[in-house]
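These notes are about the structure you will find just below.
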Amino acid sequence: MWLLMKFLFKPEPYPDETLESYLLRLSQDNGFESYSVFSSVLWEMLMERDHEAAGAWPRSLSRVNVYHTRNSSGLRVRALQLIEQMTDLPSMQLLSLSLMGSAARFGQHVAVHRAGVDIPRLFLRTAGVPVCPHCINESAYIRQYWHYHPYVACHRHRCALLFQCPGCEAELNYQLSESIIQCQCGYELTHEQPAEASDELGALADLVAGEPAHSAGSNPLLVTQDQSMRFGALLWFRQRHHQPGMESDQISNNDFSGVVEYFGNWPQSLWQELEETRLTAEYGLTQAYHQTAFSRVFGSLLTACGQLPMRETSKNFILREVQAYLVQLVREHPRSRQPNIGDILLSVAEAAALLSTNYSQVYRLCQEGMLKISKRLGLRQDLHPNLAAFRLRHVVEAKLSYMQSHQDAAMNTYLPKW
Ligand SMILES: [Zn+2]
Ligand SMILES: [Zn+2]
């Protein structure tokens with residue numbers, strides 16, 4: 001029988017601790033001079049039990065989390081389960097600290113997953129990780145939300161996070177310095193007195209950390225208890241207001257400024273914005289409405305909110321409001337001899353978002369004659385998902401007539417499977 005070697009000192013992980021922070025503390029509590037020495041010893045211990053899992057074990061702290069693995073996440077999980085046994089931790093406790101790859105998507109953006117919550121991978125800080133001096137003074141470990149871009153103030157102490165070392169001005173990065181309370185230059189971070197944070201940044205920090213907001217009012221971003229949707233709404237806001245038309249992966253800390261106030265004026269903030277967009281775009285149209293693509297007027301409005309990361313409107317309050325606006329727009333512009341804004345053309349992708357469903361349901365609605373294609377297709381031409389082919393009016397009518405209920409069913413199935 002194999003005897004598993006165990007560590008002498010076994011620190012308890014904190015529920016909001018990062019996996020990297022826990023492994024660093026495990027290494028330090030057991031007297032290793034550096035993480036790389038600890039990591040090689042750990043590798044040998046793993047090797048004795050499971051050489052496959054050991055083979056997939058990285059030497060550097062910054063590569064240790066599960067989402068960094070491409071095809072070998074199962075092996076990384078096995079290695080972490082062995083470490084759980086070496087530290088007498090209950091099964092799954094280290095895995096619950098890990099960031100895993102996720103099958104969910106936020107529009108085109110991939111996601112990671114931690115303890116039941118999907119997070120856009122784009123939100124993970126890739127270089128330095130800031131700290132709250134008060135927090136590390138109370139308990140010296142790294143909080144998971146310090147790794148997320150939108151989190152710039154401490155929600156517990158209502159102060160700004162420390163991004164740079166006051167001693168040497170280097171960007172703080174505990175994975176490089178291998179220290180939680182000191183900068184690489186030796187500067188003690190626990191004595192710092194950071195600046196107070198504004199109410200806006202405090203509220204933003206609350207919602208990123210998954211806390212119930214202090215005064216939510218009717219702000220849907222603060223009211224929703226669905227943490228994945230909160231991240232979805234933050235991403236949507238950032239795409240729409242700070243990177244219009246661009247899919248840049250470079251996030252800056254200012255990308256989320258004004259977000260709490262914006263959703264505080266919801267839905268007027270959105271409706272007003274959409275009306276302005278529409279009137280400006282209509283002024284410059286060169287073709288008749290029934291030949292104009294929806295995206296010419298509204299850009300990526302529908303596709304950007306169709307999946308955040310869910311498409312059920314009971315949770316996705318942004319999609320719900322965009323749908324309400326478009327239904328109202330069609331109501332105000334009934335069919336007439338002169339084509340109007342109700343006749344602009346949606347693609348399969350946009351129709352799927354407006355119907356809260358998937359592409360194959362849209363194709364089926366076409367085949368069953370429940371959704372009319374308003375574009376003449378060539379003999380051998382397939383209906384490409386991005387081809388503007390359905391009048392907005394017809395999609396709205398399909399939505400209103402075939403919708404099974406207002407509480408949309410799990411996947412919004414309009415038609416049963418073949
Ligand atoms: Zn703090
Ligand atoms: Zn320093």
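All values reported here derive from a predicted model rather than from experimental measurement. Note that ligands are numbered from 1 as they come in the structure, with each ligand's atoms numbered from 1 the same way.
- At the Zn ion (ligand 2), the vertex angle linking SG of Cys165 with SG of Cys168 is 110° (nearest 10 degrees).
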One pair to check against salt bridge (charged side-chain N to carboxylate O under 4.0 Å, His left out): Glu397 and Arg393. What are the steps and the verdict? CA-CA 6 Å; Glu397 282 162 6; Arg393 172 182 325 287; 5.4 Å; no
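- Between the SG atom of Cys183 and the SG atom of Cys185, the angle centred on the Zn ion (ligand 2) amounts to 110° when rounded to 10°.
- A tilted orientation is assigned to the rings of Trp236 and Tyr262, their planes being inclined by 30° to 60°.
- The Zn ion (ligand 1) is closest to atom ND1 of His157 (considering only N, O or S atoms).
- Among the backbone and side-chain atoms of His155, no N/O/S atom is found under 2.8 Å from the Zn ion (ligand 1).
- In this pair, His155 and Tyr151 present their aromatic rings perpendicular. The plane angle is above 60°, beyond the 30 to 60° band.
- With Trp43 as the aromatic partner, Arg59 meets the cation-pi criteria of under 6.0 angstrom to the ring centre and within 45 degrees of the ring axis.
- For the pair Arg143 and Tyr141, the cation-pi criterion (under 6.0 Å, within 45° of the ring axis) is fulfilled.
- The Zn ion (ligand 1) has no N, O or S atom of Cys159 closer than 2.8 Å.
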